[in-house]
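Quick one: the structure is below, questions incoming.
Proteins come first, then strands; the chains are lettered A, B, ... in the order of their sequence lines, and each starts at number 1.
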Amino acid sequence: MMKTLSADESKTLYALLKSEQSPIDEIAADFNSKFPCARHFVACSSLVLLLQDKKLLHSTQRLVAFAILHQTYASQKSSANPFINFIINTASDDEGEKYERAFILQLLGSDGSSSGKEFLKQSVADYIQGFDPSVHSFPQCEQLQQQYCDKIHPEPYNCLFKDGSVKSVVPDPDVPSGCDANSIEFDLQPGAKRILGSGDREETVIGLLRNLSLEGLGPQWIRPFPPRLPVQEGELVWLNPDDNHELLWDYGMCVDTSRGAAVRDLIAKALKGPLVPPQQEQVVVELVNDPKLVYHCGLTPRKLPELVENNPLIAVEVLTKLIHSPEINEYFTVLVNMDMSLHSMEVVNRLTTTVELPSEFIRIYITNCISSCENIKDKYMQNRLVRLVCVFLQSLIRNDIINVKDLFIEVQAFCIEFSRIREAAALFRLLKSLE
Amino acid sequence: MAQQQLYQITAKVAKSISFPSSSLATDASNSDLASSVIASENPLTRTLSDDALEYETMLSKLDIGGQNAVRPAGLSSSNDLSRTPVDRSFTTVDLKLKLQLYKVRFLLLTRNLKQAKREVKHVMNIAHGKDSCTALLLKSQIEYARGNHRKAIKLLVASNNRTDTAISSIFNNNLGCIYYQLGKYHTSSIFFSKALTDTSSLRKDKPLKLSAFAQDNSLHIIYNCGLQYLACGKPILAARCFQKASLVFYNWPLLWLRLAECCLMALEKGLVKTSRPPSERSEVRVHVVGEGKWRQLVTEDGISRNGLVDSVETDDCMLSNDGQPKLSMSLARQCLYNALHLLNCSELTHSKPDLPSNSSEENESSEVASSKNSNHKNLNSVESKSFSVTVGIGQVNANGDAREPKGGTSQELIQNSLSHYEGIRRKENQLIQQAVLANLAYVELELENPMKALSTARSLLELPECSRIYVFLGHVYAAEALCLLNKPKEAAEHLSIYLSGGNNFELPFSQEDCEQLRVERSIDSEELNGGLVTAKNSSHDDSQGIVFLSPEEARAALYANFAAVSAMQGELEQAYNFATLALSILPNSPAATLTSIYVDLMLGKSREALAKLKQCSRVRFLPSGITVNKSS
């Protein structure tokens with residue numbers, strides 16, 4: 001909201017001040033109709049500021065101003081009038097004009113009674129004309145305060161910056177040096193020619209109404225702007241090319257895991273002991289029906305040896321299915337390194353006939369077999385194992401799975417070492433025949 | 001943000017190394033596919049320093065793996081082709097190169113420049129000319145970080161192959177960064193916008209590629225643009241950039257501080273809607289009413305028009321209809337709260353990993369700090385300590401001192417780099433916190449919330465190792481807030497801290513304090529190699545300057561404000577003296593002039609008041625705005 005009057009409002013207000021011939025109540029009504037309620041306070045504040053300077057307004061104008069100040073708030077209790085202190089102070093100011101003080105007192109006393117109404121019917125010009133100082137008495141300030149400010153106003157909100165504010169209007173008479181600024185000769189008379197230093201009171205009054213603000217001038221505070229933080233090290237983003245990470249599809253995602261449940265159970269059993277033939281049959285059939293099932297059957301390289309020992313046939317079946325998986329090498333590695341046994345040999349033997357095994361793998365396996373035979377302490381077991389190995393090797397050689405030349409010396413030494421065993425001698429003869 | 005990148009990188013390093021380990025068949029613990037998956041996933045959930053250790057162990061594994069071969073050679077022959085191609089195409093050299101590149105980036109992010117420079121040379125040895133672009137970019141970044149801007153430009157230009165749009169956007173952005181640091185904001189803006197054009201054309205490429213989105217840097221570039229607009233004094237454009245970049249940097253305190261700075265700059269430039277036009281902040285307005293004998297001067301009160309329309313607006317409406325940020329003090333406050341919150345969070349998370357780190361290192365770093373302090377004797381005041389440390393680090397670098405994190409094994413290197421970096425981060429966050437609190441106190445004053453302004457200013461003053469500039473601001477803001485709360489005595493106490501001997505204020509901070517705020521970043525001006533140095537040094541002079549009161553002006557502000565406080569307390573004579581002193585330093589300050597005039601009027605010296613009004617060059621005399629038509 002604007003805290004000062006607009007240009008039009010100033011002119012309107014000044015026009016009201018000049019209407020010295022109109023009855024007071026009419027002026028008050030005029031004021032009410034021309035200024036909306038929300039502007040009353042601003043207008044009255046400006047009037048107070050003008051009244052504080054005793055020279056600015058003519059005597060009739062001052063009376064009109066006081067009338068407006070009082071009548072605007074006359075509908076409420078006088079103590080609710082925001083300017084009551086100023087009004088009372090003026091009324092009890094001994095240096096003030098008698099007619100003005102008497103006028104204010106009568107304003108204050110004008111209630112709904114007929115005499116009060118009578119008083120408001122006259123114009124301010126008439127009032128001054130008919131003024132008789134002898135009939136008036138002037139009570140003291142305290143008495144008036146008691147009468148019209150029935151209680152002390154609660155302490156309003158204070159603001160140090162504004163409480164101490166001083167009226168911000170400074171007279172700055174622009175008259176030729178050496179002249180008395182108060183001299184009447186500088187008042188611009190209607191129709192007269194402007195002289196240097198002459199000024200128009202009316203223009204000043206309207207101008208002041210326009211620019212005055214009740215708040216005046218207070219002490220000022222320097223509030224420095226905080227400095228902008230300098231750009232921090234690394235704050236500007238330096239870019240580097242990033243690695244291009246493509247998305248990889250997880251094929252195991254959302255796979256129906258319930259499907260292979262039966263096979264998973266059977267495999268888990270197969271790790272612990274031999275399965276009965278119908279069970280073996282079921283595993284084989286299901287693995288054939290669903291080529292992906294082998295990846296979800298719950299077998300890992302670490303578990304392979306148990307499967308081999310308990311169910312070599314199933315192990316062969318699974319490994320054959322896994323031959324294209326990335327993990328097959330891990331399975332082979334485990335198989336090569338597990339303890340020698342009939343079952344493991346059987347698995348390898350069967351694998352050699354069904355899939356193409358890496359020749360390196362077979363070589364390592366044979367070397368393993370041979371060293372196992374050599375290291376075993378139990379004579380009976382050793383004989384058994386040697387015979388097994390010999391049969392196995394013969395089978396490999398006959399089926400052209402291995403190239404004899406790769407292993408010739410190693411196998412020959414093996415045969416000579418165990419020549420007491422019949423199968424070794426037979427193997428030796430087979431080697432010789434191939435030479 | 002560096003934190004983020006750092007995190008990503010260490011995670012990446014750990015991840016990429018876990019490839020070979022998962023296929024190590026001989027490694028019993030990892031032979032299970034499931035366990036190897038877990039191993040590669042784990043780093044994501046670990047903390048930063050854990051990652052670093054992980055990286056270290058992986059690195060040592062890799063070295064073994066290089067010689068011992070990834071698997072027994074015999075087993076891989078026939079099945080090779082059937083295996084998935086992903087990790088096969090990755091040779092050991094590639095992996096080594098990648099790791100080395102990440103290592104350099106890691107060192108760069110931890111600001112261990114010396115070590116980074118050493119390591120980047122290894123990159124060249126490993127690469128044998130392969131992927132030189134990335135390596136050259138890193139080299140350029142190192143020189144950029146060291147302040148050797150010309151060399152950085154040379155390397156950058158050498159790295160650029162213009163055929164690739166993605167690389168071109170990176171090139172342009174980085175060039176923009178360099179020109180920004182050289183203080184050539186307009187040149188930098190050209191490069192930033194070129195970089196943005198590149199990224200947008202990448203997004204338009206058909207067919208759509210995943211990398212076009214995954215590696216879209218446009219928001220990072222936009223953040224740079226925001227900084228550049230801010231430096232050019234264009235707060236609205238800058239705010240738009242920061243708002244967009246907030247998608248990426250939302251958890252970065254600096255982003256919110258910058259956005260708040262946009263609001264403050266807009267306020268300073270009069271772009272924020274307040275009841276007081278900007279001109280009134282910089283001048284005294286006097287209405288001339290009437291003429292001749294009746295001429296009167298009506299002085300406008302600065303504060304009376306101070307009531308902000310802004311504060312009346314509903315606070316939740318920070319965006320205008322078109323979705324652009326509406327710069328206001330409320331928005332500034334919101335942003336600063338965000339920044340404070342983030343700073344507090346990072347403080348909490350950062351203090352934790354510090355505690356368990358081995359104590360010998362802690363001792364060492366504090367020792368480093370003290371030795372640095374002694375390096376820098378001209379900064380002996382307590383408040384400037386924080387800066388002397390950071391500046392000191394640069395000095396140590398310059399001397400090639402061994403105290404810089406170095407370490408023989410890479411494990412030590414990483415650990416040292418991290419702890420060194422955390423020290424830097426702490427300092428940085430402290431500075432950011434000071435700036436945030438100072439801005440917040442200012443904003444609360446603008447929003448006429450003296451209570452909050454006071455508490456904010458107090459927490460600013462309680463910060464350890466606060467810059468003297470921010471201490472000054474803290475006192476001035478607190479004093480004003482106290483005045484607004486009708487506590488002039490306490491307000492005067494805040495100001496009289498600077499009072500030395502009766503009626504004299506000392507300088508609240510020195511020119512050096514200003515320099516330190518500004519030099520902060522150019523710490524690594526080192527190794528005087530050739531003629532580059534002179535050019536480089538000169539470039540730093542003014543570009544990074546902060547716009548703030550000079551120490552002398554700050555002292556004048558203290559005089560003027562003390563005069564105001566005295567006047568409020570009715571000590572008009574004292575107020576008169578201080579106002580006179582303030583005016584003697586700042587004859588054209590509107591606020592000082594008005595206070596002085598106020599005191600004159602209170603003392604009844606209206607002639608002196610008139611004389612001052614007429615002397616001050618920042619007074620604007622306005623016509624009353626009324627024409628009285630006499631004939632009507």
Side-chain angles (χ1 to χ4, degrees), chain A residues 7 158 160-161 164 166 168-175 181 186 197-199 201-204 206-208 210-211 213 215-242 244 300-302 324 326 328-330 332-333 358 360, chain B residues 2 25 32 74-75 77-78 82-83 134 137 141 170 173-174 177 211 215 217 220 223-224 261 287 289-299 301-304 435 438-439 442 473 480 483 486 518 521 544 546 548-549 557 560-561 564 567-568 591 594-595 598 601-602 606 610 624 626 628:
Chain A
N158 282 322
L160 279 172
F161 285 107
V166 68
S168 60
V169 184
V170 190
D172 181 28
D174 180 24
V175 293
F186 293 120
S198 69
R201 185 206 297 250
E202 188 176 326
E203 198 181 309
T204 303
I206 296 178
L208 284 177
R210 165 90 182 81
N211 289 295
S213 154
E215 285 167 333
L217 177 67
Q220 306 290 310
W221 194 269
I222 295 184
R223 183 189 299 166
F225 257 102
R228 202 157 56 78
L229 189 70
V231 167
Q232 297 293 291
E233 195 173 353
E235 187 183 356
L236 280 167
V237 188
W238 180 280
L239 294 177
N240 279 308
D242 238 325
N244 195 2
T300 62
R302 222 172 359 172
H324 292 300
I328 190 64
N329 276 325
E330 295 182 33
F332 285 160
T333 314
E360 190 62 30
Chain B
D32 225 324
L75 290 188
S77 53
S78 67
S82 62
R83 292 177 58 93
T134 315
L137 270 173
Q141 189 181 2
I170 289 174
N173 171 73
N174 294 350
C177 291
S211 63
Q215 298 179 17
N217 287 318
H220 298 81
Y223 183 89
N224 290 348
E261 283 179 346
H287 297 273
V289 177
E291 52 186 341
K293 171 188 173 179
W294 292 104
R295 189 170 74 181
Q296 312 260 335
L297 299 183
V298 183
T299 310
D301 183 84
I303 286 166
S304 69
N439 282 320
Y442 184 92
L473 286 176
E480 184 178 358
C483 282
N486 293 341
R518 128 182 9 169
R521 55 159 304 101
Q544 297 299 326
I546 55 163
F548 192 60
L549 303 177
N561 289 346
M568 286 174 212
L594 280 177
T595 302
Y598 167 79
L601 290 178
M602 289 297 275
S606 60
L610 277 180
S624 66
I626 294 281
V628 181

Report yes if the side chains of Pro227(A) and Leu473(B) come closer than 4.5 Å at any heavy-atom pair, otherwise no.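 The answer is yes; the side chains approach within 4.5 Å.
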Name the region of Ala557(B), side chain, backbone, both or neither, that has any atom closer than 4.5 Å to a heavy atom of chain A. both
Mark yes or no for whether Thr595(B), through its side chain, and Gln220(A), through its backbone, hold a donor-acceptor pair below 3.5 Å. yes
Residue Gln141(B) versus chain A: region with a heavy atom under 4.5 Å: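 Both parts, backbone and side chain.
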Heavy-atom closest contact (Pro241(A) atom, Thr134(B) atom, distance): CG-OG1, 4.0 Å
Using non-hydrogen atoms only, which part of Leu137(B) is less than 4.5 Å away from chain A: side chain, backbone, both, or neither? both
Residues in side chain to side chain donor-acceptor pair (under 3.5 Å) with Asn173(B), at least two apart?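 Side chain to side chain donor-acceptor pair (under 3.5 Å) check on Asn173(B) returns Asn224(B).
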For Asn174(B), side chain to side chain donor-acceptor pair (under 3.5 Å) partners two or more places apart: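 Asn174(B) satisfies side chain to side chain donor-acceptor pair (under 3.5 Å) with no other residue.
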